[in-house]
Amino acid sequence: MTTRTVDATQELAAFLRARRERLDPAAAGLPARGRSRRTPGLRREEVAELAGVSVDYVVRLEQARGLRPSADVLEALARALRLAPAERAYLFDLAQRRPRSAGRPATTTAAPPLARLVADLSPLPAMLMNHRFDILAWNHEMARLLLDFDTLPPARRNAMWLCLRHPEIRESYVDRERVLREGITHLRAAWAAHPADPALTGLIAEFMTQVDGFARLWAERDIEVNGSGRKVIRHPGAGVIAVRFEVLMPLQDTDQRLMIGRADDDASRAALDRLCA
């Protein structure tokens, strides 16, 4: 794995540079100035002015020279760079300034009440995952929609691995490029919140070398965590199925995520009914 995947200080520097270079000066509320810009985005002195810090401080942050900015400075930088909520959370995670449970190991078994809930959500497809997307529990409908998870070794019961590396599931997504992009943004946010999880960093390292396009999109440093979305699947036995999903986080164990799907149109509902009958 490359250093940029595991070194939070280097990633913080790269993320700040990337967001500074992406931001249009007009969008940041800066007046037009006479001299032409040789590089895209904001200058470091403009970020410093907007955030109320010194230019030298911004330079040292972008050069990963060992600074650990305070929560107030991070908030000022987030405002200056017009970061979206998910990007702001990512910034705080990289700087280790957001309350988190990163020191806790990943949950590896489903809590019995949540496992029962997954089963009770039938006929809606549902599954339970931990922060690194290991699948801890699922119901009959989710298994019929994707695959029989019992046929997989436990180490391969991972939603991201299935999405990006399992031959049948990977090719079943109609818009694979969008699915890949969304998967990367979720992985990046999970890694920032749990940088010491060796299994998660190992998974990212595997994707870097084994998944076409992953390294290119990872380097773009996009951050967007969606609690809901839509995927269109080309199922070999039921045809095209559009699924709208919601992801919920139980208060009693915030390491677990409950994903619930439902058909997004009448044709998809009929196809799911046939599939799960």
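For the numbers below, each heavy atom of this structure counts, side chains included, while hydrogens, waters and symmetry mates do not.
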Between Y90 and F15, how do the two ring planes meet: parallel, tilted or perpendicular, split at 30° and 60°? perpendicular
Value for CG (N130) from OG1 (T109), rounded to nearest 0.5 Å, stands at 10.0 Å
For residues W191 and W161: do they belong to one hydrophobic cluster (side chain heavy atoms under 4.5 Å, members Ile, Leu, Val, Met, Phe, Trp, Tyr)? yes
List the residues meeting side chain to side chain contact (heavy atoms under 4.5 Å, CB included) with A48, not counting sequence neighbours, and say none if there are none. V53, V55, V58
Assess the residue pair E75 and R88 against the criterion (side-chain contact (heavy atoms from CB on, under 4.5 Å)); give the C-alpha distance rounded to whole Å, side-chain angles, the decisive distance to 0.1 Å, and a yes or no. CA-CA 8 Å; E75 193 64 61; R88 176 187 174 278; 2.6 Å; yes
How far does CZ of R157 sit from CG of D150, to the nearest 0.5 angstrom? 5.5 Å
So which heavy atom on W138 is nearest to which on A143, and how close? CD1-CB, 4.0 Å
I'd like to know if the side chain of R181 and the backbone of L217 have a donor-acceptor N/O pair within less than 3.5 Å. no
Within-4.5 Å side-chain heavy-atom neighbours: H131 and R257: yes
With sequence neighbours excluded, what pairs up with R269 under the salt bridge (Lys or Arg N to Asp or Glu O under 4.0 Å) test? D266
May I ask you to test the T108-D134 pair for a side-chain heavy-atom distance under 4.5 Å? no
What pair of heavy atoms forms the shortest contact from I241 to A271, and how long is it? CG1-CB, 3.9 Å
Residue pair I184, D222: steps toward the side-chain contact (heavy atoms from CB on, under 4.5 Å) verdict: CA-CA 8 Å; I184 288 173; D222 285 334; over 6 Å; no
Find out if a path of hydrophobic residues (ILVMFWY) with successive side-chain heavy-atom gaps under 4.5 Å connects M127 to L275. yes
Taking all heavy atoms of R144 and all of C276, pick out the closest pair and write down the distance. CB-SG, 4.1 Å
E168 side chain reached by L147 side chain, heavy atoms, under 4.5 Å: no
Look up atom CZ in R44 and atom OG in S54, then write down how far apart they are to the nearest 0.5 Å. 12.5 Å
SB check D93 R188 (cutoff 4.0 Å): no
Considering only heavy atoms from C-beta outward, does the side chain of V179 approach that of K231 to under 4.5 Å? yes
Does L124 have any side chain to side chain contact (heavy atoms under 4.5 Å, CB included) partners at least two apart in sequence or in another chain, and if so, which? I260, R262
Taking S122 for the side chain and A119 for the main chain, is one N or O donor matched with an acceptor at less than 3.5 Å? no
L61 vs L77, test: side-chain contact (heavy atoms from CB on, under 4.5 Å). Steps then yes/no. CA-CA 11 Å; L61 274 177; L77 288 168; 3.7 Å; yes
Going by heavy atoms in the side chains, are L91 and L81 under 4.5 Å from each other? no
Heavy-atom check, side chain of R68 versus side chain of R97, under 4.5 Å: yes
To the closest 0.5 Å, what do you measure between CZ (R22) and CZ (R221)? 10.0 Å
Looking only at heavy atoms, which two atoms of L74 and A95 are closest? And how far apart? CD1-CB, 3.5 Å
Between the CZ atom in R170 and the CG atom in L162, the distance rounded to the nearest 0.5 Å is 11.5 Å
Joint cluster assignment, L114 & M129, ILVMFWY side-chain distance < 4.5 Å: no
Steps toward side-chain contact (heavy atoms from CB on, under 4.5 Å) verdict (L203, R132): CA-CA 9 Å; L203 193 65; R132 61 177 178 239; 5.5 Å; no
Partners passing side chain to side chain contact (heavy atoms under 4.5 Å, CB included) against V174 (at least two apart in sequence or in another chain): V232, R234
Side chain to side chain contact (heavy atoms under 4.5 Å, CB included) partners for Q210, two or more places apart: R165, E206
Between S268 and A242, what is the shortest heavy-atom contact and its length? OG-N, 2.8 Å
Taking the side chain from R156 and the backbone from H166, do they hold a donor-acceptor pair closer than 3.5 Å? no
Indicate yes or no for a side-chain donor-acceptor contact from H235 to the backbone of L272 under 3.5 Å, with no hydrogens or angles considered. no
Same cluster for L121 and L146 if Ile/Leu/Val/Met/Phe/Trp/Tyr side chains link at under 4.5 Å? no
Check: P69 and Y57 side chains under 4.5 Å, non-hydrogen atoms: yes
Mind checking salt bridge (Lys or Arg N to Asp or Glu O under 4.0 Å) for R17 and listing every partner two or more places apart, or none if nothing turns up? none
Is the CD atom of E177 crowded by more than 12 outside heavy atoms at less than 6.0 Å? yes
Heavy atoms from other residues, nucleotides or ligands near CG of D56 exceed 12 (cutoff 6.0 Å): yes
With the 4.5 Å side-chain cut-off for hydrophobic clustering, are L258 and F133 part of the same group? no
Would you compute the distance between atom CD1 of I169 and atom CD1 of I233 and round it to the nearest 0.5 angstrom? 8.5 Å
Is any side-chain heavy atom of L16 closer than 4.5 Å to one of V47? no
Any donor and acceptor pair, going by atom type alone, linking the side chain of N139 with main-chain N or O of A126 inside 3.5 Å? yes
Search all heavy atoms of L42 against all heavy atoms of A80 and return the closest pair with its distance. CD1-O, 4.4 Å
